[in-house]
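In what follows, a structure is listed as structure tokens, so that the remarks can point back to it.
Treat the numbers as computed from the prediction; the structure is a model and nothing was measured. Each chain gets a letter, A, B and so on, in the order its sequence line appears, and its residues count up from 1. Hydrogens, waters and symmetry mates are skipped; everything else that's a heavy atom, side chains included, is used.
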Number of protein chains: 2
Amino acid sequence: MIPSQLLKGTLEGCVLAVIRQAPAYGYEIAQKLAAYGFGQIAEGTIYPLLLRLERSGAVRPELRPSALGPSRKYYALTEGGERALEEFIASYSELGRAVDRLLADTKKEEQP
Amino acid sequence: MIPSQLLKGTLEGCVLAVIRQAPAYGYEIAQKLAAYGFGQIAEGTIYPLLLRLERSGAVRPELRPSALGPSRKYYALTEGGERALEEFIASYSELGRAVDRLLADTKKEEQP
DNA sequence: CTGACTACATTGTATCACAAAGTAGCCCCC
DNA sequence: GGGGGCTACTTTGTGATACAATGTAGTCAG
């Protein structure tokens, strides 16, 4: 299990990445994230996040009726969303490199 | 610059890692993190974090006078802190693998 | 017509990074 | 000897965000 604090900030970029693969709706995004190994993301997390992305102009919603169940709200990435995704990837790898350097030094001290 | 939301949760584990290398005090930890590429961590971040770790039993404080400036509060890792660090490393790499899988799939769609 | 599954929305809560302000010791330099 | 600068810790308040809980509503199987 990944603690929720570690997901903070990461989740937003990952949702953008999923949407970039193909326009998707909330319920579907949560399932895809679970399949990628993020664990079961709560609905109370995914829908407010999508509304924030919509309000910030990173995604554009489009309602489509569903054959089974209620209508789905598909989200597509905008140009602003593309930029936000690129920035997320850059920040995340910068952080990853810093953590890797730190942990490499931390392990070395074990076996002198 | 790494956005502060991405640091959430990560910072706690990284502070444990720094302390594991050698007992350290707040001001020193912030400087080491900056050297590793985390950016300048605010004092309003580092000291409350250390107090939380102290209260949770992950670190043990020890006051030592300083030759230049006020006394320093050195923190050493406890057994509980070692376990917390191991759990952080496991969670962080689990998250990293999930993000890597997702981003790998996301890029592939670009060049069919 | 009851239950199960899909699908979206809203409200409230806990956690955490950070800014800001305060306190205090030591040093250098004019 | 007093002001400026650096070290060092503490406290208070704020904003962002993951999540639990709850509610609404559509479809379909039995």
Tell me which pairs pass ring-ring contact (aromatic ring centres under 6.0 Å, His included) where either residue lies in residues 14-60 of chain A, with sequence neighbours left out.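 Counting only pairs at least two positions apart or across chains, the ring-ring contact (aromatic ring centres under 6.0 Å, His included) contacts touching residues 14-60 of chain A are A:Y25-A:Y74.
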
Anything under 4.0 Å to a heavy atom of chain B counts; send over the first and last such nucleotide of DNA chain D, read 5' to 3'.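 In short, chain B contacts DNA chain D from D:dT7 to D:dT17.
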
Answer with base, sugar-phosphate or nothing: what part of the nucleic acid does A:L50 contact at a heavy-atom distance below 4.0 Å?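 Answer is nothing: A:L50 stays at 4.0 Å or more from every strand.
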
Partners passing side-chain contact (heavy atoms from CB on, under 4.5 Å) against [X] (at least two apart in sequence or in another chain):
X: A:S91; result: B:P3, B:L6
X: A:S4; result: none
X: B:L49; result: B:L11, B:E12, B:V15, B:R52, B:L53

Working to the nearest 0.5 angstrom, can you tell me the gap between B:Q21 CD and B:L16 CG?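 Answer rounded to 0.5 Å: 12.0 Å.
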
Salt bridge (Lys or Arg N to Asp or Glu O under 4.0 Å) contacts in which one or both residues fall within residues 57-76 of chain A, not counting sequence neighbours: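 Counting only pairs at least two positions apart or across chains, the salt bridge (Lys or Arg N to Asp or Glu O under 4.0 Å) contacts touching residues 57-76 of chain A are A:E54-A:K73, A:E62-A:R64.
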
Pair listing, salt bridge (Lys or Arg N to Asp or Glu O under 4.0 Å) test, anchored in residues 88-98 of chain A, at least two apart: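 Salt bridge (Lys or Arg N to Asp or Glu O under 4.0 Å) check on residues 88-98 of chain A returns no pairs.
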
Using a cut-off of 4.0 Å between protein heavy atoms and nucleotide atoms, how would you tag nucleotides 1-15 of chain C 5' to 3' with B, S and -? -----BSBBB----B

Please round to 10 degrees the angle between the axis of the first five pairs and the axis of the last five pairs in the helix from C:dC1-D:dG30 to C:dC30-D:dG1.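 If I round to tens, the end axes sit 0° apart.
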
Take atom CD1 of B:I2 and atom C1' of C:dA17, then tell me their distance rounded to the nearest Å.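 Atom CD1 in B:I2 sits about 13 Å away from atom C1' in C:dA17.
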
Using salt bridge (Lys or Arg N to Asp or Glu O under 4.0 Å) as the criterion, list what pairs up with A:E82, not counting sequence neighbours.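 Scan of A:E82 (salt bridge (Lys or Arg N to Asp or Glu O under 4.0 Å), adjacent residues dropped) gives A:R20.
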
Does the side chain of B:L85 reach to within under 4.5 Å of the side chain of B:I19, using non-hydrogen atoms?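 B:L85 does not reach B:I19 side chain to side chain.
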
With a 4.0 Å heavy-atom cut-off, tell me which residues in residues 34-41 of chain B come close to DNA chain D, sorted by residue number.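 Correct list: empty, so none.
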
Search all heavy atoms of B:G37 against all heavy atoms of A:R101 and return the closest pair with its distance.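 Here B:G37 and A:R101 meet closest at CA-NH2, 4.1 Å.
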
Might you point out which heavy atoms bring B:T78 and B:G57 nearest each other, and give the distance in Å?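 So the minimum-distance heavy-atom pair works out to OG1-O, 2.6 Å.
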
Can a donor-acceptor pair be found, under 3.5 Å and without considering hydrogens, that links the side chain of B:S93 to the backbone of B:I89?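 Between the backbone of B:I89 and the side chain of B:S93 there is a qualifying donor-acceptor contact (under 3.5 Å).
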
List the residues meeting side chain to side chain donor-acceptor pair (under 3.5 Å) with A:E28, not counting sequence neighbours, and say none if there are none.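 For A:E28 there are no side chain to side chain donor-acceptor pair (under 3.5 Å) partners, ignoring immediate neighbours.
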
